[in-house]
Protein chains: 2
Amino acid sequence: MSSQYTFTGEFSFSIDSKNRINIPSSLRKQFLKNDNKTFVITRGIDECAWIYPMNEWKKIQKELNNLSSMSKKNRIFLRNHLRHANILKYDSQGRFVLPNSLIDYTKISKDVTIIGVLNKIEIWNPKILRKSDEKDQIDDPSYEQLSERVNI
Amino acid sequence: MSSQYTFTGEFSFSIDSKNRINIPSSLRKQFLKNDNKTFVITRGIDECAWIYPMNEWKKIQKELNNLSSMSKKNRIFLRNHLRHANILKYDSQGRFVLPNSLIDYTKISKDVTIIGVLNKIEIWNPKILRKSDEKDQIDDPSYEQLSERVNI
DNA sequence: TAATGTAAGTGGTTAATAGTGGGTTAAAAT
DNA sequence: ATTTTAACCCACTATTAACCACTTACATTA
């Protein structure tokens, strides 16, 4: 279940008039040859977008494939996770076009904060990120549980 | 049971005066040579239509054959899925004619939402889809179980 | 430390493709 | 025979993707 990608770090970028965002080259370098510059970008659980390199996404896909559409619960789960998943490529300059649906969801307009989180890359509106930081940081009891499971 | 097709994403289209609907080119590109632009469209379990590329449909037929007709549930399922299954081709522009029976079933009139769900493509009336979203989305605790099994 | 070279980030232009609309002919159906 | 339906073709427009170019930052080396 561990990933071959170990994205880390935070970066400040901007989105241009054609809704293009640059993937920081240091993160891009971790992409594999057979990712073929391709990745999946989708809604994060928070108000951000998540990027998975193609090889990482394939793992997720495999698990989704095991869910039968005969069950209603599964149908809804599958639909809701796949409908927001966009398969994209970055161009020769390392940029991709952020789909409109994700512009709306992330509320990104000019500035963009990009964060490497191990197997995925997060794309944020810095203002939303700051708000989210303030809200979540403060004594959320679930952190306790996490810190028992995750050894940092 | 995993599929060679991995349809994803959501698309907004319209149906024209001749009841033609365009299959998004990014999904069409996944069709194989020997699908020969041919697919099966049938009633979805929800209020939408399901499209299976020909090669995928053949697999499904095999599975349906294995369902015993002894149980009432199976008989009903088989009947509902086979009787409404239309074999169609899309034209050189990537469009197909949505059969009247499915226009009635999906209640599609002008706008169409198309969603890729791995091995199939769903065709929705956006209004019906929205209603379905609202009804089903709301904190179903069983999602928690799913998201523990599926690592996203 | 100044100079130089390389790579990274940003901006814009052009060419190709996708989506949509409609017409024409051939094949069914009434 | 007449009307419908279906396959095929052509055309327009808007969007997207590929390409080229500039500038800034960083790193290396004299």
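The chains referred to below are lettered A, B, ... by the order of the sequence lines, with proteins before strands, and numbering in each begins at 1.
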Fill in the blank from the handout: Residues passing the ring pair (Phe, Tyr, Trp, His ring centres under 6.0 Å) test with F11(B), sequence neighbours excluded, are none

Which pairs would a plain distance check flag for residues 45-54 of chain B, meaning a side-chain donor or acceptor within less than 3.5 Å of a matching protein atom at least two apart in sequence or in another chain?
unit_1: D46(B); atom_1: OD1; unit_2: R75(A); atom_2: NH2; d: 3.1
unit_1: D46(B); atom_1: OD2; unit_2: R75(A); atom_2: NE; d: 2.8
unit_1: D46(B); atom_1: OD2; unit_2: R79(A); atom_2: NH2; d: 2.7
unit_1: E47(B); atom_1: OE2; unit_2: K107(B); atom_2: NZ; d: 2.7
unit_1: W50(B); atom_1: NE1; unit_2: E122(B); atom_2: OE2; d: 3.1

Integer-rounded Å distance: [N] [atom2] and [X] [atom1]:
X: L88(A); N: dA18(D); atom1: CG; atom2: C1'; answer: 15 Å
X: F96(B); N: dA6(D); atom1: CZ; atom2: C1'; answer: 15 Å
X: I103(B); N: dT5(D); atom1: CD1; atom2: P; answer: 12 Å
X: K89(B); N: dA7(D); atom1: NZ; atom2: P; answer: 9 Å

Taking side chain to side chain donor-acceptor pair (under 3.5 Å) as the definition, give me every residue that meets it alongside [X], ordered by chain and number, with sequence neighbours left out.
X: N55(A); value: N34(A), D35(A)
X: S69(A); value: K120(B)
X: N125(A); value: none

Enumerate all atom pairs, one protein N or O and one N or O from nucleotides 2-4 of chain D, separated by less than 3.5 Å.
none

Problem - Sequence neighbours excluded, every pair satisfying ring pair (Phe, Tyr, Trp, His ring centres under 6.0 Å) that has a member inside residues 16-43 of chain A - result: F31(A)-Y90(A), F39(A)-F96(A)

Problem - Base versus backbone protein contacts along nucleotides 8-22 of chain C [heavy-atom cut-off under 4.0 Å; B, S, -] - result: SSBBBB----SSBBB

Handout entry: Test item: D111(A) side-chain N/O and S109(A) main-chain N/O as donor-acceptor pair under 3.5 Å
Key = no

Problem - Pairs where residues 88-106 of chain A contributes a residue and the test salt bridge (Lys or Arg N to Asp or Glu O under 4.0 Å) is met, not counting sequence neighbours - result: D91(A)-R95(A)

Problem - Fellow cluster residues of V117(A), listed by chain then number, with links counted only when side-chain atoms sit under 4.5 Å apart - result: I115(A), W124(A), I128(A), L129(A)

Hey, can you pull the donor-acceptor pairs under 3.5 Å for the side chains in residues 12-21 of chain B, sequence neighbours left out?
unit_1: D16(B); atom_1: OD1; unit_2: K18(B); atom_2: N; d: 2.9
unit_1: D16(B); atom_1: OD1; unit_2: N19(B); atom_2: N; d: 3.2
unit_1: D16(B); atom_1: OD1; unit_2: R20(B); atom_2: N; d: 2.9
unit_1: D16(B); atom_1: OD2; unit_2: R20(B); atom_2: NE; d: 2.8
unit_1: D16(B); atom_1: OD2; unit_2: R20(B); atom_2: NH2; d: 3.1

Problem - Inter-axis angle, terminal five-pair segments of the helix from dT1(C)-dA30(D) to dT30(C)-dA1(D) [nearest 10°] - result: 30°

